Amino acid sequence: MSASTPQSDRSAVGPDAAPLEGIRVIELDAGYVNYTGKILADFGATVIKVEPPGGVAQRRSAPFHHALDGSDYSIPFTYYNAGKKSVVLDLSDPVQLATLEGLITEADVLLDGLGLGATQALGLSSERLGELAPGLIHLIVTPFGQTGPWRHHLSSDVVALTVGGVTGQSGYDSVNGRPSQAISPTGGQSQHFAGVLAAIATIAALQENRTEGVRTLDFAQHDAIAVSTESYISMWEFGRAQGFRHTGQHASADFTPPVWQFRCQDGAYLCALTLYLNDRRFAALIDLFDANGFEHRLSDERYVTMKQRQEVMNEIVDVIAAFALLHPAQYIFDEAQKRQLPWSKVRRPEDVATDEHLRARGFYSSIELFPGEEVLFPGVPWQGLPSVLLAHAKGTTRTRPPQVGEDTESVLAAGAPRWDR
Amino acid sequence: MGFTPLSNMRVLDFSWNVAGPTATKVLAALGANVVKVEWPTRADPGRALSFSPFQEGVFDSSGFFAMLNVGKRSLTADPTTPVGHELIDKLLAWCDVIVESYSPRVMGGWGWGFDKMLELNPNIIYMSVSGFGHTGPESAHVSYGPTAQAASGVTAASGEPVLPPAGWGYSFLDVMTGYQAALSVVAARTRQLRGAPGQRLDVSQVEVGGAMLGPMLMDCLLNGTVTADAAFPPGNRARWPRSPIDGYRYEIGAPYNLYPTNDPGHDGYCAISVLSEPEWAALKRAMDHPEWAEQDKFATADGRLFHQNDLDRYVSEWTRGFGKYELMDLLRANDVRAGALQTGRDRLEIDPSLREREVFQQFEHEVLGTHRFDSIPVLVDGDPLRLNPVWPVLGKHTEAVLAGDLGLSAEEIDELRAGGSTWPSDVTRPTYSKDTL
């Protein structure tokens, strides 16, 4: 039997290795722990995704990559599963369920995203998991947690962001006193809040080096979103205030705050923070206008101090709005930043995909999505750590996401304890 | 026994405002020993952030600051004087991790480039948090959360297709960058515990934004998608009807939107999502089988997506007959995915799930009184992880850290205090209550 304990795996890892080299993770997911699994894989863990026959539903989730003849490749599946291994098991079959138990005996972490009660229904109670793998970290993510009155309910991206608090702060100014439109941002953000907190807690829990029992970490997507809205909990708790939504900017207790998002000459938008217009930045603003031959009245003594400016900020806003309509957003972004104004063009995703600064920093890494086809892949936001993705880019390991069941044979043949043990 | 897996980790925290302090709040919640370093004439601007019941010039009256900095201790030292500099040298040698969120030139300007830190502490982890990162052609750019959100695409990825970008109504990338920074510190810590040499971590908010839009950026890179040419973003929908591109929620179906209710004001909405045929049947059941829902055009998922405008009009007429919580409860009772739009007040005062799971935890703060604070929400072996109710009241812990953590003698500390090195002689030291300081 070649099975080794997690602890001996870890002690064999040298100081130059990726953070989670030697850590074995089993991922059971119906859509809740995907991102956590990606993070652990990015940091060097061996993440074995156990999928039902036919693969997880996300493999059929749009958009797709259409580069190869007739073959569709789910882009979200690729992004969240690159570098993982895939083992297919039909968990309704007792023999294959026993194989899963065998895999768990070798694991340091079980990522459990099957939904409330699903693993218990398989017989994988905490007690059973503790017998199988003493010291195991059992990370569970569900929409509303393992406890509480909402635990049985399902959610969705828009539902989670709305009931969690993000949507209520984001959207548009009220028009003519009508209820203002609320907007839930896109990108599948509802899974990222619990996903990242779960990864932090899991990696921290690994540092406990426990050798008995099970550490159960119960995360709710709802809870994670609810604590991730910056000042809006303190706004009510300490000020008994609520925010009104504003187009392209922060919600605030002020119904008509000074605008900071402007339409430019080319139809693109500019984020020009009037919120922090101190003396130095105001001088930079005047310089920006003067250098472009733009006539304005802001040199008047009515605008000299920050306090004065705050009282007439809407006059300054009108001047910035007029200036913005005369120049493209990228030009104003460049010229403003030269003068240390914390402004930016509101860039579209396609602008970000081709951004020279991000490319120079190595944010995009090249991976081999298909044999012989290298593509650029949005990287990890942690510059400085040896991650698996970066190691992959050097050709040492597989980078692409696994085909359904691609690793079933090799994982089970590599000495994993079998159901007959 | 609590869950304090980082209890042996010592963090020196020079970070300001929101993103950096969010990172160190997470580390503190997991047991790390976090010492926040400031000097009263240049204290964290977060101390002056909103909802301060006290007057200006008081350092510890911001509720938001207290939320962000719970679990940390405060040490005051002046990096610009020789004595203060030497003190911070000692702290750099003592700590495992240093976190800062200044503009890229600041730490080096004080003489603490990464090389100098390595001299003082060969295994140190140096985390910087900034808008654009410390390298690359735009490393001199300055930013706040909204700037980074605009630059990274997350602002543009929120809104209705024909309206200006709606963006995020708060600094999402301050919060998420704080989390990602804490994550990379915890990961680097596993290497440090194995004896890895010093590690330099450089987290950029724009890159965090890019990572949060991962598949969207991949669609642009792989398929040449131009979102500006399409009906994008999709409002609150999963995908805009007839749009040539995806809505990037990675789930699909209709009805899928925010719907009005009869609650007055700006917040009377309820989100509903139907992602399958059984869920469509469940919604029809909840609506008591209206005749319009039996039209052929709504019979399939594709038909409902195509005819979303009609569908949403019908559903809205029905939802206006209920309050937002009443509607949510009715839909949930029928196994339909639904969620009332919750404000800060709703989350604190109404939401029974957040209450039962102790997501907002009540403690007594020595200046602000008894209040509820955002926790790091996880149940560990069934019990909510509790915040450590300690706050960095400015300068409160200087002497305790110097004595208890650095091992300075009482005489040495007296000398520092007498020389004005632990508090500036020209700043009045506030006393908040008889128990404080």
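Just so it is clear, the values below take in all heavy atoms, side chains as well, and ignore hydrogens, waters and symmetry mates. First the proteins, then the strands, lettered A, B, ... as listed; each starts at 1. It should be emphasised that the depicted structure is a prediction, and the values quoted were computed from it without experimental measurement.
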By a 4.5 Å heavy-atom criterion (distance strictly below it), what part of [X] contacts chain B: side chain, backbone, both, or neither?
| X | result |
| --- | --- |
| A:Leu273 | side chain |
| A:Arg263 | neither |
| A:Ala220 | both |
| A:Leu341 | backbone |
| A:Arg151 | neither |
| A:Gln189 | side chain |

Ring centre gap for B:Phe172 and A:Phe193 strictly below 6.0 Å:
yes
A:Ser184 and B:Arg249: side chain donor to acceptor below 3.5 Å
yes
Polar side chain donor-acceptor pair, B:Ser152 to A:Arg347, under 3.5 angstrom
no
Under 4.5 Å from a heavy atom of chain A, the part of [X] involved:
| X | answer |
| --- | --- |
| B:Phe232 | both |
| B:Phe132 | both |
| B:Val26 | side chain |
| B:Met212 | both |

Mind checking the [atom1]-[atom2] spacing from [X] to [Y]? Nearest 0.5 Å is all I need.
| X | Y | atom1 | atom2 | result |
| --- | --- | --- | --- | --- |
| B:Met328 | A:His153 | CE | NE2 | 7.5 Å |
| A:Tyr364 | B:Glu207 | OH | CD | 9.0 Å |
| A:Asp223 | B:Ser353 | CG | OG | 6.0 Å |

Cation over ring, B:Arg332 on A:Trp150, under 6.0 Å and within 45°?
yes
Using the rule given for salt bridge (charged side-chain N to carboxylate O under 4.0 Å, His left out), can you reason through A:Arg245 versus B:Asp267, listing the C-alpha separation, both sets of side-chain angles and the distance that settles it, and then say yes or no?
CA-CA 10 Å; A:Arg245 294 180 284 280; B:Asp267 298 316; 2.9 Å; yes
Working note: A:Arg348 + B:Thr227, criterion side-chain hydrogen bond (donor to acceptor under 3.5 Å, both in side chains); need CA distance, chi angles, decisive distance, verdict.
CA-CA 7 Å; A:Arg348 312 267 320 184; B:Thr227 65; 3.1 Å; yes
Aromatic rings A:Phe244 and B:His266: how do their planes relate, parallel, tilted or perpendicular, breaks at 30° and 60°?
perpendicular
Go through A:Lys345, A:His250, A:Gln169 and name the one with the most non-hydrogen pairs under 4.5 angstrom from chain B.
A:His250
Is there side-chain contact between B:Gln342 and A:Thr162, with heavy atoms separated by less than 4.5 Å?
no
